[in-house]
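Reckoned from all heavy atoms, side chains included, excluding hydrogens, waters and symmetry mates. For reference, positions follow the sequence shown, starting with 1.
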Amino acid sequence: MTHADPRTPDAGPWGSRLDPLAADVALVLQRMGGSAHQAVVVDCVAAIKRQRGEQVAQDLAARVVEVFEKYRDLFFRPFGEGSMRWALQPGVA
């Protein structure tokens with residue numbers, strides 16, 4: 001089964017308006033059923049980048065956290081602000 005690239009306009013509710021990293025994070029959460037631990041998201045985004053032949057930056061984990069914080073209209077912490085688990089906002093996936 002193939003999945004559409006989340007950076008294309010027809011690839012889900014987030015379409016092409018997100019930066020590529022945010023689109024990758026949203027794709028990972030979607031594939032994980034809507035939520036996942038932050039470390040799992042980082043590992044999966046790194047794997048996606050490697051599959052595409054892209055370099056995985058040393059600061060990827062910090063950049064993923066920045067994406068979670070920046071796009072609070074898409075992502076939230078379902079178990080509260082101290083949690084390391086992130087999810088897609090209801091109605092996004």
Student: Using the salt bridge (charged side-chain N to carboxylate O under 4.0 Å, His left out) rule, collect all pairs that involve residues 36-51, keeping only residues at least two apart or in two chains.
Tutor: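 For residues 36-51: Lys49-Glu54.
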
Student: Specify the closest pair of heavy atoms between Val56 and Leu60, including all atoms of both residues, with the distance to one decimal.
Tutor: CG1-CD2, 3.8 Å

Student: Please identify each residue that fulfils side-chain hydrogen bond (donor to acceptor under 3.5 Å, both in side chains) with Arg85, with sequence neighbours left out.
Tutor: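 Partners of Arg85 under the side-chain hydrogen bond (donor to acceptor under 3.5 Å, both in side chains) test: Ser35.
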
Student: Name all residues meeting the side-chain hydrogen bond (donor to acceptor under 3.5 Å, both in side chains) criterion together with Gln55; count only those two or more places apart in sequence or in a different chain, and write none if there are none.
Tutor: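 Gln55 satisfies side-chain hydrogen bond (donor to acceptor under 3.5 Å, both in side chains) with no residue once adjacent residues are dropped.
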
Student: Only one of Val28, Val64, Val65 clears side-chain contact (heavy atoms from CB on, under 4.5 Å) with Val42; which?
Tutor: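 Output: one option passes, namely Val64.
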
Student: Same cluster or not: Leu27 versus Val25, using hydrophobic residues (I, L, V, M, F, W, Y) connected whenever any side-chain heavy atoms lie under 4.5 Å apart?
Tutor: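 Both belong to a single hydrophobic cluster.
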
Student: Which heavy-atom pair separates Ala36 from Val41 by the least distance, and what is that distance?
Tutor: CB-CG2, 3.9 Å

Student: Salt bridge or not between Arg52 and Asp24? Use side-chain N to carboxylate O under 4.0 Å.
Tutor: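 The answer is yes: the pair qualifies as a salt bridge.
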
Student: Looking only at heavy atoms, which two atoms of Tyr71 and Ala22 are closest? And how far apart?
Tutor: CE1-CB, 3.6 Å

Student: Tell me whether Glu66 is salt-bridged to Lys70, with the criterion being a basic N under 4.0 Å from an acidic carboxylate O.
Tutor: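 Salt bridge between Glu66 and Lys70, a charged N being under 4.0 Å from a carboxylate O: no.
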
Student: Measure the spacing between SG of Cys44 and CZ of Arg31 and express it to the nearest 0.5 Å.
Tutor: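 The SG atom of Cys44 sits 9.0 Å away from the CZ atom of Arg31.
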
Student: Report yes if some heavy atom in the side chain of Arg63 is under 4.5 Å from a heavy atom in the side chain of Gln58; otherwise report no.
Tutor: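 Side chain of Arg63 against side chain of Gln58, heavy atoms only: no contact under 4.5 Å found.
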
Student: Hey, quick one: are Phe76 and Met32 part of the same hydrophobic cluster, counting side-chain heavy atoms closer than 4.5 Å, chains of contacts allowed?
Tutor: no

Student: Mind telling me whether Phe68 and Trp86 have parallel, tilted or perpendicular rings, with 30° and 60° as the class edges?
Tutor: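 Trp86 and Phe68: parallel rings.
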
Student: Quick one: pull up CE in Met84 and CZ in Arg77 and give me the separation to the nearest 0.5 Å.
Tutor: 7.0 Å

